[in-house]
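Input: a single structure, listed below in structure tokens.
Below, all heavy atoms of this structure are taken into account, side chains as well, without hydrogens, waters or symmetry copies. Nothing fancy with the numbering, it's 1 onward along the sequence. Atoms within each ligand, like the ligands themselves, are counted from 1 in listed order.
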Amino acid sequence: MSNIIAIDGPSGAGKSSVSRIVGERLGYLHVDSGALYRIMTWQSLVHGVDLESPAAIAAFAETVDIECRPEAGHIAYYVGGEAPGDRIRTPEINANASKVAREKPVRDKVTAILKGMTRFGNLVVEGRDITTAVFPDTPARFYLTASAEARAVRRQKEEVEKGIANQTAEAVKASLLARDAIDSTRKYAPLRKADGALEIDSSDLTLEEVVETVMKALPAEWIAS
Ligand code: DC
């Protein structure tokens, strides 16, 4: 049976950096579940799906084929043999992803893909519903959060560094809060802190401090092995 470290939280709380480092230290594969919802959104936009129509999103979702491969410490995704790259990190995808992610057929499909990843071994999985819906039974569950200001500043810096966008921190904050609002109020598997998950507020912590907090809370035998 695989060991699963599950990390949920709102946009920009630092889930990706923390998951990547924890994965590296333990030799666990990093799984970015948000990227799967971003791919579904990207493909919907490419194929001209009406994102105001839940039925159209649901029908299209069934046709998307995402290939998952373990690669250099993480699970990489391919659509039609191509890696999506930064095409799934644009402001347009940011603005539309939560509309696609709230639809049940999309969630069911992504959840099945994620559950199937245990075949690859031990995992660090980050997202919004990993601790509540995808792997609710794992003993290592975390809710990583931070103030809206801290999250917006981090995201904006990331976007500028990667050359994806050049938005102000205010614009990034507005987009992030709009997404969080939909993600936490949707009907199916909304973002919330799971009972028993360890909440970590990273606003005033360094990345290393957050990583240490996670590592210390893991079952002792996972560290030793
Ligand atoms: O983490 P992210 O910003 O890449 O996520 C993209 C979108 O997918 C965002 O609207 C939240 C949603 N998501 C989700 O509903 N469930 C997950 N497990 C991961 C992401």
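For atom 19 (C) of ligand 1, the nearest non-hydrogen atom from the set Ala95, Ser33, Pro10, Ala97 belongs to Ser33. Of the listed options Ser16, Gly127, Gly34, Ser11, Gly34 places a heavy atom closest to atom 5 (O) of ligand 1.
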Stepwise side chain to side chain contact (heavy atoms under 4.5 Å, CB included) check, Arg107 with Asp129: CA-CA 10 Å; Arg107 302 210 67 80; Asp129 66 338; 3.0 Å; yes
Chi angles and distances behind the side chain to side chain contact (heavy atoms under 4.5 Å, CB included) call for Ile7, Val125: CA-CA 6 Å; Ile7 305 184; Val125 191; over 6 Å; no
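Given atom 4 (O) of ligand 1, the protein heavy atom at minimum distance is Arg38 NE, 2.6 Å. Here the protein heavy atom with the shortest distance to atom 16 (N) of ligand 1 is Arg107 NH2, 3.0 Å. Distance from atom 12 (C) of ligand 1 to its nearest protein heavy atom, with residue and atom name: Ala101 CB, 3.9 Å. Taking atom 8 (O) of ligand 1 as the reference point, the nearest protein heavy-atom neighbour is Tyr37 CB, 3.4 Å.
Of the N and O atoms on the side chains of Glu126 and His30, at least one donor lies less than 3.5 Å from an acceptor on the other residue. The closest side-chain donor-acceptor pair between Arg38 and Asn94 falls under 3.5 angstrom. Between the side chains of Gln156 and Thr168, not a single donor N or O lies within less than 3.5 Å of an accepting N or O.
The shortest distance between side-chain heavy atoms of Arg186 and Arg128 falls below 4.5 Å.
In Asp129, the parts holding a heavy atom less than 4.0 Å from any atom of ligand 1 are both the side chain and the backbone. If you look at Arg128 next to ligand 1, the close heavy atoms, those under 4.0 Å, come from the backbone and the side chain alike. Within the 4.0 Å heavy-atom criterion, neither part of Glu126 lies near ligand 1. With a heavy-atom cut-off of 4.0 Å, Arg186 touches ligand 1 through its side chain alone. Here Ser98 has heavy atoms under 4.0 Å from ligand 1 in both its backbone and its side chain.
Pairing each heavy atom of Pro54 with each of Glu52, the nearest pair is CD-O, 3.3 Å. In this structure, Pro10 and Leu144 approach most closely via the heavy-atom pair CD-O, 3.4 Å.
Contact analysis leaves Arg102 out of contact with ligand 1, as no non-hydrogen atom separation drops below 4.0 angstrom.
Within the cation-pi definition used here (under 6.0 Å to the ring centroid, within 45° of the axis), Arg102 does not qualify as a partner of Tyr188.
Of the N or O atoms in Asp183, one or more lie within a sub-3.5 Å distance of an N or O in ligand 1. Looking at ligand 1, you won't find any N or O of Lys15 less than 3.5 Å from one of its N or O atoms.
The Arg179 neighbourhood of ligand 1 comprises atoms 3 (O), 10 (O), with distances under 4.0 Å to a heavy atom of that residue.
Using a 4.0 Å cut-off between charged nitrogen and carboxylate oxygen, Arg141 and Asp8 do not count as a salt-bridge pair.
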